[in-house]
Amino acid sequence: MSRGTTPRQDIAALLRDGATYRHIQQQLHVSPNCISLTRKALSIPLPSPRLRNRIDPARRQAAIDMINTRSTTAEIIRRTGLSPATIGRIRRNLRTQGARP
């Protein structure tokens with residue numbers, strides 16, 4: 001879609017259903033710019049920011065225990081199923097709380 005052409009109704013329908021830009025791109029093979037132009041042309045608001053998924057407290061505690069016993073990130077991932085980014089975030093939180101150097 002270039003500037004001046006009519007907005008795509010298939011994109012508009014997905015936007016109204018709350019689909020993300022990434023989902024729309026994968027499903028319809030369109031550019032983020034095409035999605036944005038359609039959204040703006042039809043005055044469709046951006047979706048509300050998504051909240052991060054909460055970690056199950058038991059899995060979080062298991063990761064903390066493993067961090068405190070100096071387990072590797074690979075071991076923590078294998079046993080808890082948490083992502084490397086989540087494990088890094090837990091490590092940083094522990095450092096800022098003074099619980100671990």
Side-chain angles (χ1 to χ4, degrees):
M1 179 170 118
S2 63
R3 294 188 194 278
T5 59
T6 59
R8 290 185 48 174
Q9 295 306 311
D10 54 348
I11 294 173
L14 289 172
L15 285 169
R16 287 185 183 109
D17 288 340
T20 62
Y21 273 41
R22 178 171 286 163
H23 174 79
I24 296 170
Q25 283 179 274
Q26 290 170 345
Q27 188 169 351
L28 301 178
H29 307 288
V30 294
S31 70
N33 188 49
C34 181
I35 299 166
S36 179
L37 289 171
T38 297
R39 184 183 61 75
K40 290 174 184 175
L42 297 175
S43 301
I44 300 171
L46 284 171
S48 61
R50 304 209 192 290
L51 297 176
R52 239 186 225 148
N53 290 338
R54 301 284 180 215
I55 303 169
D56 175 40
R59 287 174 60 198
R60 179 178 171 70
Q61 189 57 50
I64 290 171
D65 294 343
M66 292 180 76
I67 290 168
N68 288 332
T69 60
R70 306 224 182 253
S71 297
T72 65
T73 300
E75 290 171 322
I76 299 170
I77 291 169
R78 195 171 31 258
R79 293 179 88 191
T80 64
L82 297 173
S83 72
T86 300
I87 295 166
R89 195 167 32 257
I90 292 171
R91 286 183 196 273
R92 280 190 302 279
N93 289 341
L94 289 173
R95 267 185 252 138
T96 58
Q97 294 170 359
R100 182 162 188 264

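Keep in mind that the numbers below use all heavy atoms, side chains included, and drop hydrogens, waters and symmetry copies.
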Run C34 and L37 through side-chain contact (heavy atoms from CB on, under 4.5 Å) and show every step you take. CA-CA 5 Å; C34 181; L37 289 171; 5.9 Å; no
Chi angles and distances behind the side-chain contact (heavy atoms from CB on, under 4.5 Å) call for I11, Q25: CA-CA 9 Å; I11 294 173; Q25 283 179 274; over 6 Å; no
Residues M66, I87; criterion side-chain contact (heavy atoms from CB on, under 4.5 Å); working and verdict: CA-CA 10 Å; M66 292 180 76; I87 295 166; over 6 Å; no
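Rounding to the nearest 0.5 angstrom, the gap separating the OG1 atom in T20 from the CD atom in Q26 is 7.5 Å. Rounded to the nearest 0.5 Å, atoms CD1 (I24) and CZ (R8) are 10.0 Å apart. Between atom CG of residue L46 and atom OH of residue Y21 there is a gap of 5.5 Å, rounded to the nearest 0.5 Å.
In this structure a side-chain-to-backbone donor-acceptor pair under 3.5 Å is present from R59 to T80. Looking at S43, its side chain never comes within 3.5 Å of a backbone N or O of R39 through a donor-acceptor pair. Judged by distance alone, with hydrogens and angles left aside, the side-chain atoms of S71 form no donor-acceptor pair with the main-chain N or O of I67 at under 3.5 Å. Listed for the Q61 side chain is no donor-acceptor partner under 3.5 Å among the backbone atoms of A58.
Two residues are said to be in side-chain contact when any heavy atoms from C-beta on lie closer than 4.5 Å; I35 and L15 meet this criterion. At least one side-chain heavy atom of L42 sits less than 4.5 Å from a side-chain heavy atom of R16.
Side-chain atoms of R60 and T86 include no donor-acceptor pair closer than 3.5 Å.
Contact detail for I76 and A63: the closest heavy-atom pair is CG2-CB, 4.0 Å.
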